*Asks:* 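Sharing a structure here in structure tokens format.
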Amino acid sequence: MHSALRPKPLVKSPPSLIPSTIDHLSQSVLKKSSTNQNDYDQKPIKDDNSHYQHHASVSLNNTIVEKSNWYLGLRNSKGKYLTSETFGCKINATGTSLKRKQIWTIIYNCQNDCVYLQSPLNHYLSTDKYGRLKCDSNEINDDYYFQLEYNRNGQWAFKSLTYGMYFGGDNDQLHCFSKTPEWWSPHLAVHPQINLKHVLRKRYAKLDEDEIHIDEIIPWGSDAILAVEYHNDHYYIRSSNGFYVHKDGKLTTKQTNETLFTIELYKGCLAFKDCDQYYLTAIGPLGILMTRNKIVGKDEQFLLEESKLQICLIAPNGKLVSTKQGIDLSANQYERDHSSIFQLEYDDNDFHAYHIRTYDNKYWKIEGFNVQATADKKSLETSFQIESAGNGRITFQASNGKFIIPHPTGHMRVVSDQISSNDAYFLIKFINRPFCVFKCDFGHIGYRNKQSRILECNKSLFTLFTLEEPDVRTHNEGIVYLKGSDGLYWEVLNDLNISVNGYEPSKFALELCSTHSRVVIKASNGMYLRAEQNGSIQATCHNSRQATQWEF
């Protein structure tokens, strides 16, 4: 009997992977507008969609086409990444890891069912009839069209649509004159914490006990978080409880061939293929995520969307801010539910401020002296400046310059021209980060090497850490504990390096930055973490403004 019909047993999750504060909500919004300083290994993308791939209508040579962009690295058969050099717009296959010069944009032209390859310098790759390659132009013509082909191992081949030859080569001897496919392995250049959207159902994936269901209208809370982990040209899909998606629809603690997937592009969307050449899809009324068909249709197509930060706010009266009693924002309850969870969306294009979305798909908006959840779209009245006040607390300043201060009734009022008391400080709790990945200008945080427990910040592959929060009744100062997959905690060493060696949790604090939904990290010694290009991370900064901002 399939799980859609049978009773479901409780699944005991590994304790080292499950934060004590995960809320498994009964109903569990979205690519980061990444004009950010943490783009060392992610190409900046400016769009107001939240997809890690951007769908749009664009004009190419005066022709309007539908296109879809994907950001990734390409590894050849020698394990080297396709690289774009700044000097002379030269390209080669010499990269040893996925850094900024190795991140290419695969632009999928939906009309012609072909792709263009755009370099990190925004130039397009082209070939001529002799197989000679160029990558120094912003214009597109027939020499820039390639068709994608796939093999059983999930590798990609790029065939010139005009000349019928394949793109390949090694080192600085790249060409497009092979009559047989030369294979490249795609390495997605995205932040691994994502929301997974099914194209046909227009629903999102969420954790439901021992399965992933595609039935969420809006991805809300920690249950809607998935991690897409790159591993030797394949991918694991990991749920918020640390388990891996198995091809048969179950979740498992073990990494096996049955939990490995390769990726392909169809009509600009992503398809996941298992070890037996079947594709992931959503099965039945619950939309159980599992593999079934060997042919890709709309049922097998997915989008990856950035998981924006979702938070809870505790007002000075100790109660949660929510919209439970209607459209007014009010601090009037102790129990967390959807109405007390809010999504932060930083706008770097028009307002340079945060917009705050509710579960009902409305934005906070100034209405007279009140703050209400009534806006359908972003505007000046929905924009707020957020400043960290330390100890896990933040303030909200509206577009009219006034600060949000709770009324004695609990209602949020925009009445104060300056902060004169603690009434303007709200304790922030991060809801949808059961596991976390930290990235700065120089790369991801990870272990120095396989033998060392010391952390460094220049890794091209990410490491997942668990975020735990102590009981708010005993620790009300924004404290978090950061833990590795083996159950040991982050701690500050005598030389001020950070190691994952602690058997007891050390106090860290994540303070929200005023832009781009990043955080600075305050260590247990009262200092902030600072990253260096050589990879070192030390708790040495007295001032948060001098500390490293982390994509989180």
Side-chain angles (χ1 to χ4, degrees), residues 24-25 27-32 49-55 68-72 154 186 188-231 234-252 259-274 278-284 286-293 296-310 343 432-437 462 464:
H24 296 293
L25 302 174
Q27 300 183 17
S28 315
V29 163
L30 301 165
K31 168 158 178 185
K32 185 171 289 183
N49 296 332
S50 309
H51 300 93
Y52 278 123
Q53 65 291 328
H54 177 210
H55 291 262
S68 173
N69 294 1
W70 289 85
Y71 306 89
L72 47 80
L188 288 174
V190 302
H191 196 281
Q193 294 161 306
I194 57 99
N195 299 130
L196 185 67
K197 184 177 183 179
H198 190 270
V199 172
L200 184 61
R201 296 187 180 220
K202 297 182 173 59
R203 294 292 188 271
Y204 292 87
K206 80 168 190 299
L207 174 66
D208 193 320
E209 295 185 358
D210 62 343
E211 296 173 336
I212 299 296
H213 292 174
I214 309 288
D215 60 358
E216 191 89 320
I217 297 176
I218 301 176
W220 213 252
S222 64
D223 286 347
I225 296 290
L226 295 175
V228 178
E229 300 184 29
Y230 179 75
H231 179 75
H234 293 69
Y235 293 87
Y236 295 110
I237 302 175
R238 200 173 187 182
S239 62
S240 61
N241 63 0
F243 282 40
Y244 297 93
V245 174
H246 192 281
K247 66 185 186 68
D248 69 1
K250 288 294 147 195
L251 297 177
T252 176
T259 62
L260 281 174
F261 300 90
T262 57
I263 58 172
E264 299 175 358
L265 290 183
Y266 288 92
K267 302 301 181 184
C269 299
L270 201 67
F272 293 90
K273 185 170 66 177
D274 70 15
Y278 291 90
Y279 293 90
L280 274 180
T281 186
I283 303 296
L286 296 178
I288 300 167
L289 187 65
M290 60 188 298
T291 61
R292 183 174 66 175
N293 298 323
V296 176
K298 285 192 175 181
D299 250 331
E300 288 72 37
Q301 295 176 17
F302 295 89
L303 299 177
L304 304 187
E305 297 186 3
E306 179 219 7
S307 168
K308 292 186 182 296
L309 285 179
Q310 293 176 356
Q343 180 164 284
N432 63 337
R433 290 297 182 265
F435 44 74
C436 48
V437 174
F462 63 85
L464 286 174

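Side chains included, hydrogens not; waters and symmetry mates left out as well; all remaining heavy atoms used. Small disclaimer: the values here were computed from a predicted structure and weren't measured.
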*Asks:* Quick one: are Gln193 and Cys436 in side-chain contact, heavy atoms under 4.5 Å?
*Replies:* yes

*Asks:* Looking only at non-hydrogen atoms, find the nearest pair between Leu280 and Phe302 and report the distance.
*Replies:* O-CE1, 3.5 Å

*Asks:* Count the heavy atoms belonging to other residues, nucleotides or ligands that lie under 6.0 Å from OH of Tyr278, then report whether that count exceeds 12.
*Replies:* no

*Asks:* Residues in side-chain hydrogen bond (donor to acceptor under 3.5 Å, both in side chains) with His246, at least two apart?
*Replies:* Asp248

*Asks:* Any side-chain donor paired with an acceptor under 3.5 Å for Ser307 and Asn432?
*Replies:* yes

*Asks:* Contact between Val245 and Leu251 at the side-chain level, heavy atoms closer than 4.5 Å - yes or no?
*Replies:* yes

*Asks:* Considering residues at least two apart in sequence or located in another chain, which fulfil the salt bridge (Lys or Arg N to Asp or Glu O under 4.0 Å) criterion with Asp274?
*Replies:* none

*Asks:* Closer than 3.5 angstrom, by distance alone: can the side chain of His198 be matched with the main-chain N or O of Asp299 as a donor-acceptor pair?
*Replies:* yes

*Asks:* Using the test side-chain hydrogen bond (donor to acceptor under 3.5 Å, both in side chains), find all partners of Ser239 that sit at least two apart in sequence or belong to another chain.
*Replies:* Asn241

*Asks:* Could you check if a side-chain atom of Ile217 sits within less than 4.5 angstrom of a side-chain atom of Arg203, using non-hydrogen atoms only?
*Replies:* yes

*Asks:* Check whether any side-chain heavy atom of Phe272 lies under 4.5 Å from a side-chain heavy atom of Ile263, and answer yes or no.
*Replies:* yes

*Asks:* Would you call the rings of Tyr266 and Tyr279 parallel, tilted or perpendicular, where under 30° means parallel and over 60° means perpendicular?
*Replies:* perpendicular

*Asks:* Step by step, would you call Leu200 with Gln301 a side-chain contact (heavy atoms from CB on, under 4.5 Å)?
*Replies:* CA-CA 8 Å; Leu200 184 61; Gln301 295 176 17; over 6 Å; no

*Asks:* Report yes if the distance between the aromatic ring centroids of His234 and Phe261 is under 6.0 Å, otherwise no.
*Replies:* no

*Asks:* With a 4.5 Å heavy-atom cut-off, do Leu464 and Arg238 have their side chains touching?
*Replies:* yes

